Amino acid sequence: MPRLIRERVPTPERSVEERVRDFGEVNLGYTWELALKEAERCLQCPKEYAPCIKGCPVNIDIPGFIRALRENKDDPDKAVREALKIIWASNSLPAITGRVCPQEEQCEGVCVVGKVGDPINIGKLERFVADYAREHGIEDELLREEIKGIKKNGKRVAVIGAGPAGLTCAAELAKMGYEVTIFEALHEPGGVLIYGIPEFRLPKEIVKKELAKLKELGVKIETNVLVGKTITFEELRKEYDAIFIGTGAGTPRIFPWPGVNLNGIYSANEFLTRVNLMKAYKFPEYDTPVKVGKRVAVIGGGNTAMDAARSALRLGAEVWILYRRTRKEMTAREEEIKHAEEEGVKFMFLVSPKRFIGDENGNLKAIELEKMKLGEPDESGRRRPIPTGETFIMEFDTVIIAIGQTPNKTFLQTVPELKVDKKGRIIVDENLMTSIPGVFAGGDAIRGEATVILAMGDGRKAAKAIHEYLTKKNN
Ligand SMILES: Cc1cc2nc3c(=O)[nH]c(=O)nc-3n(C[C@H](O)[C@H](O)[C@H](O)COP(=O)(O)OP(=O)(O)OC[C@H]3O[C@@H](n4cnc5c(N)ncnc54)[C@H](O)[C@@H]3O)c2cc1C
Ligand code: SF4
């Protein structure tokens with residue numbers, strides 16, 4: 001019987017005192033020695049049964065990559081090369097997913113060791129492999145091998161949106177020999193990875209290096225192109241053999257509370273775009289300003305709310321999360337909630353805004369909050385918040401609204417023949433093909449707000465489906 005080690009090897013983290021003063025990464029990741037020690041804890045469940053593989057949305061051979069580390073103890077470069085090959089077979093952006101996947105709900109949530117102790121730290125091991133490979137030139141070496149094997153097939157595919165769905169779809173198609181062009185509305189590719197998730201969780205340098213791989217595979221990225229305006233969908237259809245839509249769900253959901261247009265109230269999307277994409281935290285070195293007052297309220301309990309709260313804290317404010325359910329129902333990653341708590345974000349549960357109160361100059365000065373109680377579970381399986389009628393007032397000078405995002409209607413309206421559901425999500429069949437033949441879609445554009453790995457999984461699946469579609473069409 002393999003020896004069971006209940007406690008996981010911790011990953012070093014920067015101290016709270018140091019990290020709240022800057023936007024540098026909080027978790028420092030494993031060293032080779034620590035990674036190996038953690039890898040030794042895995043019980044190596046047989047591949048056919050390993051629950052972690054089933055728990056991973058793209059079914060990475062987790063015991064396989066962990067074994068590659070263990071079997072090459074004396075040669076870390078070889079260990080990482082073999083492990084990365086296994087990971088790349090299912091996931092092209094492991095430095096990103098290792099950092100942002102909600103592992104506790106996926107692979108780690110079902111790891112057998114988790115039943116009696118801490119599950120294997122799969123996310124941090126995946127991140128270690130990707131980081132070590134990048135830093136030691138192993139990734140470049142494997143990429144060159146991959147590029148050598150590409151045979152161009154002369155067919156062209158357009159990808160709309162450079163988020164994880166579009167990027168993954170493009171990478172997979174390029175490997176199959178397609179000429180791929182991604183059209184991206186913003187001035188930088190990456191989608192939420194670049195404008196939403198802050199540096200302290202996902203350094204932009206890492207995202208950029210992951211994206212540099214795409215260029216080497218021959219993918220063209222045209223930024224500052226808003227499909228539907230800069231170029232029409234019809235023009236793309238004429239020029240390309242197939243299209244993949246990965247436009248995400250970037251429109252903030254804003255409830256029409258009285259006073260919601262007062263100065264000092266941001267959508268999380270605007271706040272995080274200013275801070276992350278435009279680097280407003282480095283103002284005036286960068287041109288874009290961001291204003292936060294002394295007391296900031298963030299409305300919501302997801303990853304976006306945690307990111308907004310921790311960013312505001314780093315800009316010097318006292319920050320409150322105001323959430324209408326309890327901690328148990330929060331959808332943010334457990335690690336982020338823990339980090340936010342450690343850093344001094346204050347949490348108030350079972351409250352919901354009733355109205356925002358301004359001063360004579362139109363600036364926010366307080367929120368009237370209503371106390372909530374929990375009722376029966378709703379369609380998300382979480383207990384529904386019910387208003388109690390009891391209200392109170394709390395003073396705040398800034399509010400960040402993080403109650404969700406929906407797909408962008410402006411683009412969808414330019415393509416009326418594209419079928420969407422009531423929530424604006426593009427309707428697709430089991431091959432991710434939309435109502436228009438040859439046009440595929442994936443990621444948040446079909447799911448609404450979901451996760452990075454699901455978007456990547458869709459990108460991969462759509463690439464295969466596009467390949468099959470074009471192969472059949474030409475035979
Ligand atoms: C703040 C925040 C934190 C998050 N944290 C996590 C996390 O920790 N873990 C996790 O798994 N998930 C997290 N998520 C969710 C995750 O980021 C998304 O599920 C994922 O990015 C969806 O990928 P996508 O490629 O479908 O869309 P997106 O990442 O939204 O990318 C869509 C891209 O399409 C572009 N685009 C849109 N319309 C057009 C057009 N008409 N023409 C050209 N380009 C267009 C957009 O500019 C954008 O770059 C977070 C989301 C947010 C907002
Ligand atoms: S379930 Fe846990 S112990 Fe089993 S193979 Fe996966 S990581 Fe290892």
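Both ligands and their constituent atoms are indexed starting at 1 by order of listing. Because the structure is a prediction, the values reported are computed rather than measured.
- Atoms of ligand 1 found under 4.0 Å from any heavy atom of Phe183, numbered from 1 in the order shown, are 43 (C), 44 (N).
- Of all atoms in ligand 1, listed by their number and element, those nearer than 4.0 Å to a heavy atom of Gly443 are 26 (O).
- Between Glu82 and Lys85, at least one side-chain N (NZ, or NE/NH1/NH2) sits under 4.0 Å from a carboxylate O, which counts as a salt bridge.
- Side chains of Arg201 and Val100 form a contact here, defined as non-hydrogen atoms less than 4.5 Å apart.
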For the pair Glu222 and Ile231, evaluate side-chain contact (heavy atoms from CB on, under 4.5 Å) and give the outcome as yes or no after the intermediate values. CA-CA 11 Å; Glu222 299 222 10; Ile231 182 168; over 6 Å; no
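- One side chain, Glu126 or Asn91, offers a donor N or O that lies under 3.5 Å from an acceptor on the other.
- In the vicinity of Gly191, heavy-atom distances shorter than 4.0 Å reach the ligand 1 atoms 29 (O), 31 (O), 48 (C), 49 (O).
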Applying side-chain contact (heavy atoms from CB on, under 4.5 Å), run through Phe440 and Thr434 and close with a yes or a no. CA-CA 5 Å; Phe440 296 74; Thr434 66; 5.6 Å; no
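- Nearest protein heavy-atom contact of atom 13 (C) of ligand 1 is Asn303 ND2, 4.1 Å.
- Under a 4.0 Å criterion applied to the non-hydrogen atoms of Ala455, ligand 1 contributes the atoms 22 (C), 23 (O), 26 (O).
- The option from Thr247, Val100, Asn224 that lies nearest to atom 36 (N) of ligand 1, judged by heavy atoms, is Thr247.
- For the pair Glu341 and Lys338, the salt-bridge criterion is not met [side-chain N within less than 4.0 Å of a carboxylate O].
- With a 4.0 Å heavy-atom cut-off, ligand 1 is reached by the side chain of Asp307 but not by its N, CA, C or O.
- Not a single heavy atom of Arg447 lies less than 4.0 angstrom from ligand 1.
- Nearest protein heavy-atom contact of atom 44 (N) of ligand 1 is Ala185 N, 3.1 Å.
- Considering only non-hydrogen atoms, atom 23 (O) of ligand 1 lies nearest to Pro164 out of Pro164, Pro198, Gly248, Pro57.
- Remark: minimum distance from atom 41 (N) of ligand 1 to any protein heavy atom is reached at Val227 O, 3.0 Å.
- Between Glu318 and Val296 there is no side-chain heavy-atom pair separated by less than 4.5 Å.
- Taking the six-membered ring for Trp and thresholds of 30 and 60 degrees, Phe396 and Trp320 have ring planes more than 60 degrees apart, a perpendicular arrangement.
- Nearest protein heavy-atom contact of atom 34 (O) of ligand 1 is Gly161 CA, 3.2 Å.
- Taking a cut-off of under 4.0 Å to the non-hydrogen atoms of Ile197, the atoms of ligand 1 that pass are 3 (C), 4 (C), 5 (N), 6 (C).
- Near Phe411, meaning under 4.0 Å from any of its heavy atoms, are these atoms of ligand 1: 41 (N).
- Checked by distance only, ligand 1 and Gln405 stay at 3.5 Å or farther apart across all their nitrogen or oxygen atoms.
- The residue Lys229 has no part lying near ligand 1, judged by heavy-atom distances below 4.0 Å.
- Neither the backbone nor the side chain of Glu336 comes within 4.0 Å of ligand 1, counting heavy atoms alone.
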Go through Gln44 and Ile66 one step at a time and tell me if the side-chain contact (heavy atoms from CB on, under 4.5 Å) criterion holds. CA-CA 8 Å; Gln44 290 291 297; Ile66 291 180; 3.9 Å; yes
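- There is a side-chain donor-acceptor pair under 3.5 Å between Thr326 and Glu329.
- Ranking the protein heavy atoms by distance from atom 8 (O) of ligand 1 puts Arg201 NH1, 2.7 Å first.
- Listed for the Asn303 side chain is a donor-acceptor partner under 3.5 Å among the backbone atoms of Arg333.
- With a 4.5 Å cut-off on side-chain heavy atoms, Ile254 and Ser267 count as touching.
- With 3.5 Å as the limit, one finds no donor-acceptor pair spanning the side chains of Ser90 and Asn59.
- In this structure, the protein non-hydrogen atom closest to atom 32 (C) of ligand 1 is Gly246 O, 3.3 Å.
- With ligand atoms numbered from 1 in the order given, ligand 1 contributes 8 (O) to contacts under 4.0 Å with heavy atoms of Arg333.
- Below 3.5 Å of separation, one finds an N or O of Asp444 facing an N or O of ligand 1.
- Checking side-chain atoms of Asp378 against main-chain N and O of Ser380 turns up a donor-acceptor pair under 3.5 Å.
- Close approach to Leu186 involves these atoms of ligand 1, each under 4.0 Å from a residue heavy atom: 47 (O).
- A salt bridge between Glu430 and Lys461 is absent, with no side-chain N of the basic residue lying under 4.0 Å from a carboxylate O of the acidic one.
- Ring centroid separation for the pair Tyr30 and Phe128 does not come in under the 6.0 Å cut-off.
- Contacts of Ala450 with ligand 1, taken as heavy-atom pairs under 4.0 Å, involve the backbone alone.
- Both cation-pi conditions hold for Arg314 and Phe200: the charged atom is under 6.0 angstrom from the six-membered ring centre and inside a 45 degree cone around its axis.
- Of the possible donor and acceptor atoms, none in the side chain of Arg237 sits under 3.5 Å from a partner among the backbone N and O of Ala242.
- Side-chain polar atoms of Glu172 and His467 form no donor-acceptor pair below 3.5 angstrom.
- At a heavy-atom cutoff of 4.0 Å, ligand 1 is contacted by the side chain of Leu272 but not by its backbone.
- Using a 4.0 Å cut-off between charged nitrogen and carboxylate oxygen, Arg14 and Glu25 do not count as a salt-bridge pair.
- Ligand 1 has a nitrogen or oxygen under 3.5 angstrom from a nitrogen or oxygen of Glu184.
- Atom 11 (O) of ligand 1 has its nearest heavy-atom neighbour, among Asp458, Val192, Val452, in Val452.
- For ligand 1, one of its N or O atoms has an N or O atom of Ala165 under 3.5 Å away.
- With a heavy-atom cut-off of 4.0 Å, Ile160 touches ligand 1 through its side chain alone.
- What sits closest to atom 31 (O) of ligand 1 on the protein, heavy atoms only, is Gly163 CA, 3.3 Å.
- Among all non-hydrogen protein atoms, the one lying nearest atom 53 (C) of ligand 1 is Thr304 OG1, 3.6 Å.
- Surrounding NZ of Lys419 are at most 12 heavy atoms belonging to other residues, nucleotides or ligands under 6.0 Å away.
- Within 4.0 Å of ligand 2, the residues that place a heavy atom are Cys42, Leu43, Cys45, Pro51, Cys52, Pro63, Cys111, Val112, Val113, Ile120, Ile122, listed by chain and number.
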